[in-house]
Amino acid sequence: RSGEMAKLTQLIDNEVFRAYATYTTIVLLKMMLMSLVTAYFRITRKAFVNPEDTASFGKGESAKKYLRTDPDVERARRGHLNDLENIVPFLGIGLLYALSGPELYTALLHFRIFAGARIAHTFAYLIPLPQPGRGLSWAVGYAVTISMAYKVLTTA
């Protein structure tokens, strides 16, 4: 057991792993924030998908008018879904990448660019900024994940 603990301690002392943990936390918190943004738009636009969510606005027919879609809610939902589609692969591939022994500078570059691209993507989605802003920010983050995957595959 002490051998296992020593390995865990070595991992925590690994600068690349700590950088991965930091930037993973940043993008996960950003993704969690998208849930709150969606809830904010649902409440302020009074656009719900479940009948029980409309209970505070009345009962029966008067509450049914709040069972609807709203463009702002849908935009926030699509941004959140895009986070799920891109941040989840980053978590797995980024972890394998961090464990593959990259140089700290290169790893930081990957992690920072990915986090920046995802934050830019969120602003481009929510403001909304004209294309190709959102598309470019998505492509940059995607390319970073592919780059890390390539490094893992060529190192293994």
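Remember, predicted model here, so these are calculated numbers, not experimental data. The first residue in the sequence is number 1, and the count goes up from there.
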Please name the pair of heavy atoms, one in [X] and one in [Y], separated by the smallest distance, quoted to 0.1 Å.
X: F48; Y: R42; answer: CZ-O, 3.6 Å
X: A63; Y: T54; answer: CB-OG1, 3.4 Å
X: I93; Y: A149; answer: CG2-N, 3.5 Å
X: A76; Y: T38; answer: CB-OG1, 3.6 Å
X: D70; Y: A47; answer: CB-CB, 3.6 Å
X: A117; Y: V140; answer: CB-CG1, 3.9 Å

Any chain of hydrophobic side-chain contacts (each under 4.5 Å) joining [X] to [Y]?
X: L129; Y: M34; value: no
X: V37; Y: M32; value: no
X: I146; Y: I113; value: no
X: L109; Y: L136; value: no
X: F114; Y: L104; value: yes

Contact check, side chains of [X] and [Y], non-hydrogen atoms, under 4.5 Å:
X: E15; Y: R18; result: yes
X: L84; Y: M31; result: yes
X: D83; Y: T122; result: yes
X: W138; Y: N86; result: yes

Note to self: Tell me whether the rings of Y20 and F17 are parallel (<30°), tilted (30 to 60°) or perpendicular (>60°).
What the structure shows: tilted

Separation between [atom1] of [X] and [atom2] of [Y], rounded to the nearest 0.5 Å:
X: F90; Y: T24; atom1: CZ; atom2: OG1; result: 4.5 Å
X: T69; Y: R45; atom1: OG1; atom2: CZ; result: 13.5 Å
X: E85; Y: L81; atom1: CD; atom2: CG; result: 4.0 Å
X: L33; Y: L28; atom1: CG; atom2: CG; result: 12.5 Å
X: H80; Y: L126; atom1: NE2; atom2: CG; result: 11.5 Å
X: T155; Y: M148; atom1: OG1; atom2: CE; result: 12.5 Å

Next item on the list: Please assess R118 against N82 for the test side-chain contact (heavy atoms from CB on, under 4.5 Å), listing each intermediate value before the final yes or no.
Entry: CA-CA 9 Å; R118 291 313 305 170; N82 194 277; 2.8 Å; yes

Check: Looking only at atom types and distance, does a side-chain atom of S147 sit under 3.5 Å from a main-chain N or O of A143, one as donor and one as acceptor?
Finding: no

Note to self: Treating N14 as the side-chain partner and V16 as the backbone partner, does any N or O pair qualify as donor plus acceptor under 3.5 Å?
What the structure shows: yes

Item checked: R134 atom CZ, over 12 foreign heavy atoms within 6.0 Å ->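 Atom CZ in R134 is packed in, count exceeds 12.
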
Notebook entry, point to check: Is the number of heavy atoms from other residues, nucleotides or ligands under 6.0 Å of K30 NZ greater than 12?
Noted result: yes

Item checked: Test item: side-chain donor near acceptor, Y23 and R112, under 3.5 Å ->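 Their side chains do contain a donor-acceptor pair, which is all the 3.5 Å distance test asks for.
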
Item checked: Pairs touching residues 92-105 that satisfy side chain to side chain donor-acceptor pair (under 3.5 Å), sequence neighbours left out ->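 As it turns out, the side chain to side chain donor-acceptor pair (under 3.5 Å) pairs with a partner in residues 92-105, which skip direct neighbours, are Y97-H110.
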
Next item on the list: Before giving the answer on side-chain contact (heavy atoms from CB on, under 4.5 Å), spell out for L36 and Y40 the whole-Å C-alpha distance, their side-chain angles and the decisive distance to 0.1 Å.
Entry: CA-CA 6 Å; L36 297 176; Y40 167 79; over 6 Å; no

